[in-house]
Amino acid sequence: MVVFPAQRLRRLRRTETIRRLVQETKVEVRDLVYPLFVKEGMGITEEIPSMPGIFRFSPDRLPAEVEEIAGLNIPAVILFGIPEHKDETASMACHPEGIIQQAIRTIKKSVPELLVVSDVCLCEYTSHGHCGVISNGDVDNDKTLSFLAKTALSHAEAGADIVAPSDMMDGRVKIIRETLDRASYQNIPILAYSAKYASAFYGPFRDAAESSPRFGDRRSYQMDPPNVREALREVEEDINEGADMVMVKPALPYLDVISRVRAAFNHPLAAYNVSGEYAMVKAAARQGWLDEQRAITEILTAIKRAGADIIITYHAKDFARWSELMQGTI
Ligand code: PBG
């Protein structure tokens, strides 16, 4: 057995070059997915107050934005829509001329190689702000399923590369898979938001997407933060229903969940570094309370080290810019 002084763990930390050589985890730009908020209208590029550096774009403003994203070698975007019209049954969620359907077509036309992931949920389209349709004051699981399936199908028809249901209804992956297959979209993968927690960290997103529930909260369908074994059951359910990839969300407060899912399943695993996690870093950095680049690099590395293959993050563009600057340095 080699012990001190023959063994000295500090030897491999002596210089930056040695440290890089033995680095176990490396976040790469190709691991990242950048979220985009798309709003109905013309000529809109408006910054989201609680998410500095993140904007709502109208479809006509998308080509320039996605060219920049692709130019930074970010492989994928995930889309969220802000419609003009909301109603009880989210009818604009699955409309062929809905905001997401327009956005998908626009993006695929301007940068065809950029992967478009579409978030499949009703909360941005319902007048009450819940992720499904309401019966007797609660979100009705089974009634919601057909609306979700129609929405996912309309995204595939518009040209989405991957559909990502984020509603947390039981059975949604199964019905979406069946619906896509019946319409000959058997090659469109499903990225399931499997372990999605009822989290305080979605606050800024709900401002951004105007999707706060008008009554109650999401705790009857999103997961309870204390539970991790239940997360494994959620992931198992989605995999059994046909999910191609699974997700844990949020990321930072749930690194243990990411790690447990990684150990228990072999499917590609995504983690969503959500709006509140982004807002905290931005706010502290603006005050000069932490070094933004180092903090973000550390956060993304931790998410990957925990076991995520794919990281959805609002920091993607900044990280990609820094990676470009770092290239070639030893
Ligand atoms: C839609 C959805 C939400 C997020 C992604 N998809 C909000 C929610 O469930 O309330 C949150 C993303 C973020 O906070 O960055 N259901």
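Numbering of residues begins at 1 and proceeds along the displayed sequence. Every number for a ligand or one of its atoms is a count from 1 in the order of the listing.
No side-chain donor-acceptor contact under 3.5 Å links Glu234 and Ser194. Looking only at atom types and distance, the side chain of Ser127 has no donor-acceptor partner in the side chain of Asp87 under 3.5 Å away.
Listed by chain and residue number, the protein contacts of ligand 1 are Phe80, Asp119, Cys121, Cys123, Glu124, Cys131, Ser166, Lys196, Phe201, Tyr202, Phe205, Arg206, Arg218, Gln222, Lys249, Tyr272, Val274, Ser275, Tyr314 (heavy atom within 4.0 angstrom).
The ring pair (Phe, Tyr, Trp, His ring centres under 6.0 Å) analysis of residues 52-105, with sequence neighbours excluded, yields the pairs Phe37-Phe80, Phe80-Phe205. Listed by first then second residue, pairs satisfying side-chain hydrogen bond (donor to acceptor under 3.5 Å, both in side chains) with a partner in residues 280-303 read Lys282-Glu292, Lys282-Asp318, not counting sequence neighbours.
In this structure, Lys196 forms a cation-pi arrangement with Tyr202, its terminal cationic atom sitting closer than 6.0 Å to the ring centre and no more than 45° off the ring axis.
Qualifying side-chain hydrogen bond (donor to acceptor under 3.5 Å, both in side chains) partners for Tyr34, counting only residues two or more places apart in sequence or in other chains: none.
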